[in-house]
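Since the structure comes first, as structure tokens, the remarks are kept for the end.
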Amino acid sequence: MEKKKRIEEWVLLIFLYLLFVSLPSLSGLPFSEQTPLRFGFRLAFAFLLMVFLPSKWGKPGRFAFRYFPFFLLLPFSNWIAFAFSGNVGSFCFEYQDVLRIVDLFLTVFLEETIFRVFPLSGLQEEKTKIRMIFVSSLAFAVCHLAQGSWMQGVYCFGLGLALASLFVYGGGVWFSALLHFLFNFFNNELYTWFDGGVPHRLFYLVNIAVGSLFALYYLFLLLIRLKRARNSRKYIRR
């Protein structure tokens with residue numbers, strides 16, 4: 001009964017978040033001019049979240065260095081494409097970009113609380129952990145699919161797997177939030193400050209290659225966890 005109630009609360013929380021972040025698009029303003037509105041709605045939702053649903057962020061745990069390759073692969077995928085293209089343009093930063101950075105911090109706080117802290121805290125059984133990592137990552141992807149293209153949904157599923165695994169096994173929410181911030185900052189904010197002119201085909205080829213490397217490494221870590229879980233069960237039976 002408690003588990004069912006928690007799932008219902010989580011679904012409601014996701015629905016409310018989608019509602020809040022979708023409201024600025026109803027203003028009729030161009031997307032580039034919606035930043036102040038998005039910031040205002042995210043700030044309001046963050047306030048409600050802190051009042052009615054205190055998060056369990058706490059202190060960071062010990063960082064598991066087997067997750068360090070995540071920090072090397074994921075945040076810099078677009079910049080690897082930059083390096084291959086050799087078309088990095090001039091840097092352009094405007095005053096309204098400060099608001100975008102603050103909005104980025106808000107986004108990371110909200111999404112880590114909703115998609116990592118709420119569904120993944122307090123899990124004990126190994127099978128439950130693995131299942132909820134996939135469920136939370138799928139929810140993370142679907143929410144971004146609703147806000148963007150199918151491609152955004154696909155890469156957000158992979159990003160969700162990395163963030164959820166880092167939360168459960170890699171040291172907690174502070175490290176998953178750091179990876180989330182780095183990914184968004186380098187591949188969204190900083191990327192837009194340069195006129196990169198990355199060729200369309202090259203951009204996707206490089207990101208597919210980086211994504212494939214990440215997927216293989218993630219599968220390797222998953223197999224290790226499953227093997228350890230089987231060995232642990234054998235030891236208990238003895």
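What you see below is based on every heavy atom in this structure, not just the backbone, and it leaves out hydrogens, waters and symmetry mates. Nothing fancy with the numbering, it's 1 onward along the sequence.
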**OP:** Consider only side-chain heavy atoms of I, L, V, M, F, W and Y, link residues closer than 4.5 Å, and tell whether V154 and I208 are in one cluster.
**Re:** no
Original post:
Roughly how far, to the nearest 0.5 Å, is CZ of R100 from CG of N188?
Top reply: 8.0 Å
Subject >> Separation of F134 CZ from K129 NZ (nearest 0.5 Å) >> reply: 15.5 Å
**OP:** Measure the shortest side-chain to side-chain distance between L106 and F39 over non-hydrogen atoms and say whether it is less than 4.5 angstrom.
**Re:** yes
Subject >> Side chains of F140 and V135 in contact at under 4.5 Å (non-hydrogen atoms) >> reply: no
Subject >> Minimum-distance pair of heavy atoms, taken over all atoms of L99 and P36 >> reply: CD2-CA, 3.8 Å
Original post:
So, do V117 and F109 sit near enough that their side-chain heavy atoms are less than 4.5 Å apart?
Top reply: no
**OP:** Rounded to the nearest 0.5 Å, what's the gap from CD1 on I101 to CG on N184? Could you check?
**Re:** 10.0 Å
**OP:** Would you tell me whether W10 and S136 have side-chain atoms, one donor and one acceptor, within less than 3.5 Å of each other?
**Re:** no
**OP:** Report the relative orientation of the aromatic rings in Y155 and F183; use parallel for angles under 30°, tilted for 30 to 60°, perpendicular for over 60°.
**Re:** tilted
**OP:** Report whether L12 and F47 are members of the same hydrophobic cluster (ILVMFWY, side-chain heavy atoms less than 4.5 Å apart, transitive linking).
**Re:** yes
Side-chain donor-acceptor pairs of residues 167-181 under 3.5 Å, sequence neighbours excluded:
residue, atom, partner, partner atom, Å
Y169, OH, E126, OE2, 2.6
W174, NE1, G58, O, 2.3
S176, OG, E112, OE1, 2.7
S176, OG, V173, O, 3.0
H180, ND1, E112, OE2, 2.8
H180, NE2, E111, OE1, 3.3

Original post:
Would you say the side chain of C143 lies within less than 4.5 Å of the side chain of I14, judging by non-hydrogen atoms?
Top reply: yes
**OP:** Look at the rings of F68 and F63 and say which category their plane angle falls in: under 30° parallel, 30 to 60° tilted, over 60° perpendicular.
**Re:** perpendicular
Original post:
At what distance, to the nearest 0.5 angstrom, does CD1 of I130 lie from CD of E125?
Top reply: 11.5 Å
**OP:** Would you check if R225 and L222 make a side-chain contact, meaning some heavy-atom pair closer than 4.5 Å?
**Re:** yes
Original post:
Would I133 end up clustered with I7 when hydrophobic side chains under 4.5 Å apart are linked, directly or stepwise?
Top reply: no
Original post:
What distance do L18 atom CG and L23 atom CG have between them, rounded to the nearest 0.5 Å?
Top reply: 11.0 Å
**OP:** Would you give the length of the straight line joining atom CZ of F70 to atom CG of L163, rounded to the nearest 0.5 angstrom?
**Re:** 9.0 Å
Original post:
Are F76 and L213 joined in one hydrophobic group, where the rule is that I, L, V, M, F, W and Y side chains link up if heavy atoms are under 4.5 Å apart?
Top reply: yes
Original post:
Under the side-chain contact (heavy atoms from CB on, under 4.5 Å) test, which residues partner F45, sequence neighbours left out?
Top reply: L13, L16, Y17, F20, L49, L110, I114
Subject >> Contact check, side chains of T128 and R131, non-hydrogen atoms, under 4.5 Å >> reply: yes
Original post:
What pair of heavy atoms forms the shortest contact from C156 to H144, and how long is it?
Top reply: SG-CG, 3.4 Å
**OP:** Can you sort out the partners of F157 under ring-ring contact (aromatic ring centres under 6.0 Å, His included), two or more places apart, ordered by chain and number?
**Re:** none
Original post:
Can the positive tip of R42 be found less than 6.0 Å from the middle of the six-membered ring of F105, inside 45° of the ring normal?
Top reply: no
Subject >> same_hphob_cluster(Y217, I224) at 4.5 Å side-chain heavy-atom cutoff >> reply: yes
Original post:
Ignoring hydrogens and geometry, is there a side-chain-to-backbone donor-acceptor pair from S22 to L19 under 3.5 Å?
Top reply: no
**OP:** Evaluate the criterion ring pair (Phe, Tyr, Trp, His ring centres under 6.0 Å) for residue pair Y67 and F65; output intermediate values, then yes/no.
**Re:** CA-CA 5 Å; Y67 286 91; F65 277 92; over 10 Å; no
**OP:** Check A141 against G153 and note the closest heavy-atom contact, atom names and distance.
**Re:** CB-O, 3.2 Å
Original post:
Is a side-chain donor or acceptor of N187 paired with a backbone partner of L74 at a separation under 3.5 angstrom?
Top reply: yes
**OP:** Would you please classify the geometry between the F214 ring and the Y218 ring as parallel, tilted or perpendicular, with 30° and 60° separating the classes?
**Re:** tilted
Original post:
Where do R6 and S121 come nearest, in terms of heavy atoms and distance?
Top reply: NH2-O, 3.3 Å
